[in-house]
There are 2 protein chains.
Amino acid sequence: MTRAIPTTNRSLPIALLRAREKVMGPIRNMLHDVDITEQQWRVMRVLQERHAAEPTKIAEEACLLLPSLTRILQKLEEKQLIVRARDEKDRRKQVVKITDAGRALIEANLPTSIALLEDVRRQMGSERYEALLDLLNELDAIDG
Amino acid sequence: MTRAIPTTNRSLPIALLRAREKVMGPIRNMLHDVDITEQQWRVMRVLQERHAAEPTKIAEEACLLLPSLTRILQKLEEKQLIVRARDEKDRRKQVVKITDAGRALIEANLPTSIALLEDVRRQMGSERYEALLDLLNELDAIDG
DNA sequence: TCTATTTGCTAAACATGTTAAGTAATAGGG
DNA sequence: CCCTATTACTTAACATGTTTAGCAAATAGA
């Protein structure tokens with residue numbers, strides 16, 4: 001039984017894109033007021049959870065490519081939200097840490113960020129929200 | 001019952017991002033051989049289905065912002081994959097059409113594109129794949 | 001009909017996405 | 001120990017994402 005060519009509303013890549021826009025729109029608005037981008041926010045969140053991390057690990061967790069992360073870390077350093085040092089045990093690596101100012105910025109905005117996601121969860125219903133997360137993680141786990 | 005702050009693997013924005021990367025990776029590789037970007041491909045797909053469309057509609061269907069679309073249409077026009085004309089009934093608008101060369105490019109690559117998505121579908125299972133699409137569309141339909 | 005507003009698109013500026021190439025430090029094998 | 005390959009990042013170049021501003025055409029009222 002052959003399926004027809006999918007139109008945009010039944011195309012997985014576009015459905016993923018639209019869903020992400022729906023979720024990120026309000027969060028981006030919030031971050032805009034603090035003059036920080038969505039990607040910078042993701043990096044800060046990772047550093048808040050791990051306290052210190054090397055760029056490769058940050059990139060993996062924040063779902064960023066290293067060239068993008070390089071520029072982002074430069075900007076976060078300029079804003080004095082993070083500090084960087086060379087790893088003395090392996091001088092190819094770096095140790096990135098969040099500063100007090102960075103932690104303060106996270107703590108000031110995390111409640112709103114969580115509330116916005118809670119709103120999505122409430123509108124979808126907890127069960128379907130969790131089911132969606134499960135399916136997305138399952139998709140991420142396939143071969144590729 | 002309060003939930004803990006979500007870690008990255010349980011964060012909806014990042015889960016959407018990772019899932020999209022998983023799906024688009026192979027498709028991007030395919031398009032790279034034809035020297036066309038993922039976004040240019042989306043625009044071409046819309047034009048193939050509608051034959052003629054105005055930029056605002058294309059942007060909506062391909063999930064692009066108008067400033068991005070402006071540049072993309074300029075490049076597709078240079079590549080002679082589309083043609084543009086002013087709409088004589090409303091001279092603010094344009095009429096964008098796909099050329100024969102554009103249609104040929106789509107037809108040469110669509111089977112592979114579909115096969116790659118079929119592969120994802122097979123690995124996830126049809127039911128879960130469809131369930132994922134339903135949940136994504138449901139997410140897109142909430143208030144925001 | 002005149003003007004204020006809206007609509008459709010473009011331009012500009014800055015940030016990131018993506019690929020390819022480059023550099024320095026480390027690891028591995030002979 | 002030397003040479004090669006690998007790893008961790010950086011740089012560069014081009015394309016898109018995102019916001020703001022701008023322009024011309026059309027529309028809505030007064």
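Just the heavy atoms: all of them, side chains too, but no hydrogens, waters or symmetry mates, feed the values below. Within every chain, numbering begins at 1; the chains are lettered A, B, ... in the order of the sequence lines, protein sequences first and strands thereafter.
For Arg18(A) (side chain) and Ile14(A) (main-chain N/O), no donor-acceptor pair under 3.5 Å exists by modelled atom type. Gln123(A) contributes no side-chain N or O that, together with a main-chain N or O of Val120(A), makes up a donor-acceptor pair within less than 3.5 Å. Between the Asp140(A) side chain and the Leu136(A) main chain, no donor and acceptor come within less than 3.5 Å of each other. The backbone N or O of Leu133(A) sits less than 3.5 Å from a side-chain atom of Asn137(A), completing a donor-acceptor pair.
Between Cys63(A) and Asp90(A), it is Cys63(A) whose nearest contact on DNA chain C lies nearer the 5' terminus. Residue order along DNA chain D, read from the 5' end via each residue's closest nucleotide, puts Pro55(A) first among Pro55(A) and Glu88(B). In this structure, Arg86(A) and Leu69(A) both approach DNA chain C, and ranking their closest nucleotides by distance from the 5' end singles out Leu69(A).
Salt bridge absent: Asp134(A) and Arg128(B) never bring a charged side-chain N and a carboxylate O closer than 4.0 Å.
Within a 6.0 Å sphere centred on CD of Gln74(B), other residues, nucleotides and ligands contribute more than 12 heavy atoms. The neighbour count for Asn29(A) CG, taken as heavy atoms of other residues, nucleotides or ligands under 6.0 Å away, is above 12. In Glu60(A), the CD atom is not crowded: 12 or fewer heavy atoms of neighbouring residues, nucleotides or ligands sit closer than 6.0 Å. At most 12 heavy atoms of other shown residues, nucleotides or ligands fall within 6.0 angstrom of atom CG in Asp35(A).
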Can you name the atoms? Protein N/O to nucleotides 2-6 of chain D N/O, anything below 3.5 Å, with the distance.
none

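Bracketed by its first and final contacts, the part of DNA chain C lying under 4.0 Å from non-hydrogen atoms of chain A reaches from dA15(C) to dT26(C) in 5' to 3' order.
Straight-line distance from the CD atom of Gln94(B) to the P atom of dA25(D): 13 Å, rounded to whole Å. Between the P atom of dG17(D) and the CZ atom of Arg18(A) lies a distance of 14 Å, rounded to the nearest Å. Atom CD of Glu21(A) and atom C1' of dG17(D) are 9 Å apart (whole Å). In this structure, CG of Leu65(A) is placed 15 Å from C1' of dA13(D), rounded to the nearest angstrom. Rounded to whole angstrom, the span from the CG atom of Asn29(A) across to the C1' atom of dT19(D) amounts to 11 Å.
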Identify each donor-acceptor pair in which a side-chain atom of residues 91-102 of chain B lies under 3.5 Å from a protein atom, sequence neighbours left out, and give them as a table.
unit_1, atom_1, unit_2, atom_2, d
Arg91(B), NH1, Glu88(B), OE1, 2.7
Arg92(B), NE, Asp90(B), OD1, 3.1
Arg92(B), NH2, Asp90(B), OD2, 2.9
Gln94(B), OE1, Arg84(B), NH1, 3.3
Thr99(B), OG1, Gln80(B), O, 2.9
Thr99(B), OG1, Leu81(B), O, 3.1
Thr99(B), OG1, Ala101(B), N, 3.4
Thr99(B), OG1, Gly102(B), N, 3.1

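Looking at every heavy atom in both residues, Val43(B) comes nearest to Ile72(B) through CG2-CG2, 4.0 Å.
The side chain of Leu66(A) sits closest to dT10(D) out of dT10(D), dG17(D), dT20(D).
Within the 4.5 Å cutoff, the side chain of Arg71(B) has no heavy atoms near those of the Gln39(B) side chain. Between Trp41(A) and Ile106(A), some side-chain heavy-atom pair lies under the 4.5 Å cut-off. For the pair Arg50(B) and Arg45(B), the minimum side-chain heavy-atom distance is 4.5 Å or more.
Less than 4.0 Å separates DNA chain D from no heavy atom of any residue of residues 102-109 of chain B. Within a heavy-atom distance below 4.0 Å of DNA chain C, the residues of residues 70-80 of chain B found are Thr70(B), Arg71(B), Gln74(B).
Taking only side-chain nitrogens and oxygens, Thr56(A) comes nearer than 4.0 Å to OP1 or OP2 of dC9(D).
In the hydrophobic clustering of ILVMFWY residues, with side-chain heavy atoms under 4.5 Å counting as a link, Ile114(B) and Met24(B) come out together.
Counting non-hydrogen atoms under 4.0 angstrom, Thr37(B) reaches the backbone sugars and phosphates but no base.
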Dot-bracket encoding per residue of DNA chain C, Watson-Crick/G-U cut-off under 3.5 Å, | denoting interstrand: ||||||||||||||||||||||||||||||

After noting the C-alpha distance and the side-chain angles of Glu127(B) and Arg121(B), does the key distance pass the salt bridge (charged side-chain N to carboxylate O under 4.0 Å, His left out) rule? CA-CA 9 Å; Glu127(B) 286 178 23; Arg121(B) 185 199 190 84; over 6 Å; no

